[in-house]
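Small disclaimer: the values here were computed from a predicted structure and weren't measured.
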Amino acid sequence: MPRSQHRPQPTSTGNRELTSTVAERMVAVARYIETRPEEPLRLADLAAVAGLSASRLQRAFKQAFGVSPKVYQDALRMRAFKQALRTGQSVTDAIYDAGFGSSSRVYGTPERKVGMVPTRYQKGGKDESIAYACRETSLGLLMMAATDKGVCFAEFGADEASLRAQLEKEFPKARLLPSVATDSPELDAWMTALDDHLSQNRPRPDVPLDIRGTAFQTRVWKLLLSVREGEVVSYTELARRLGEPKAVRAVASACGRNRIAVLIPCHRVLRSDGSLGGYRWGLNRKQLLLEKEAAVSDS
């Protein structure tokens, strides 16, 4: 994440070294962004600061810092958002003061919010800290857990002990830390938003996700994020959209292995005959979720 108190150091990650002049211009652009992270900055505005074309600026900035100007600004906004939460500011005020404009912007779009490193998945969370918390919802007790990248676990269960055991099974080598709102304000805000969605039919929160699985599972879970609220698809249709029409059983298996309830909406996948099929957290919950979403989409 960018740190405004330290001078950014351009690095060459492309095939061609940046000239010293262009590198200095990229530092100037970074400084410009850092002084106004909450403002809507167009690429054309930044290009004018650098004295380059918009396309040249985009390439040079990413070559210098490894990310686009937009991602750089979003990182600054996210830091401001987290700092505001830690000082006791309300979630809504923190979102708008940081310059995001809406909750969906702060929690990310499907393209930005999904991240997973295969080696981390294979290591079972080794050397990682995962914060977790429980909350009663209209669908029962929910445990949510998150890494520094986002939510990696959201499951319903009968009691906290069994949910904690499931979390340990999924991440056997991680440090699991029970959380309170003051220690992990982002996790508390995400749980509140999800509870509001389940209990009060508010929009499904678009929170950052730390998705972990095999390459195929990850493809399925990412595709599920594109299935809109109120829409249902069959396992066959999901396999077709994935470009793997013969992999229906594998798609169904990946849905069954999803460990992030509701946020990755595997409940929207049905059998070809329209029946519910399976659901990791019980068919009653799946039916209730579909009924809620159908009612909202029809209203």
query = Is any side-chain heavy atom of His267 closer than 4.5 Å to a side-chain heavy atom of Glu293?
reply = yes
Non-hydrogen side-chain atoms of Arg271 and Leu276 separated by less than 4.5 Å = no
ask   = Do side-chain atoms of Arg219 reach the backbone of Leu242 as a donor and acceptor pair under 3.5 angstrom?
value = yes
key: ring-ring contact (aromatic ring centres under 6.0 Å, His included) involving Phe153 - partner list, sequence neighbours excluded   = none
query = Is a side-chain N or O of Gln73 found less than 3.5 angstrom from the main chain of Pro40, in a donor-acceptor match?
reply = no
Leu270 CG to Thr236 OG1 distance, which is reported to the nearest 0.5 Å = 11.0 Å
inquiry  = What I'd like to find out is whether the side chain of Arg212 reaches to under 4.5 Å of the side chain of Gln217, using heavy atoms alone.
reply    = no
inquiry  = Tell me whether Leu283 shares a hydrophobic cluster with Leu289, the cluster being built from Ile, Leu, Val, Met, Phe, Trp, Tyr side chains joined at under 4.5 Å.
reply    = yes
query = In Å, rounded to the nearest 0.5 Å, how long is the span from CZ of Arg257 to CZ of Arg280?
reply = 5.0 Å
request  = Report the C-alpha distance between Glu34 and Tyr72 in whole Å, list the side-chain angles of each, state the deciding distance to 0.1 Å, and finish with yes or no for side chain to side chain donor-acceptor pair (under 3.5 Å).
outcome  = CA-CA 9 Å; Glu34 289 170 3; Tyr72 191 86; 2.5 Å; yes
Spatial distance of atom CG (Asn258) from atom SG (Cys266) [nearest 0.5 Å] = 4.0 Å
query = Quick check: does any side chain N or O of Lys286 sit under 3.5 Å from a backbone N or O of Trp281, one acting as donor and the other as acceptor?
reply = no
Note: Arg135-Asp188 ion pair, threshold 4.0 Å (strictly below) = yes
task = Show the numbers, then the answer: is there a side chain to side chain donor-acceptor pair (under 3.5 Å) between Asp195 and Thr192?
result = CA-CA 5 Å; Asp195 186 33; Thr192 297; over 6 Å; no
query = Is there side-chain contact between Leu139 and Leu288, with at least one heavy-atom pair below 4.5 Å?
reply = yes
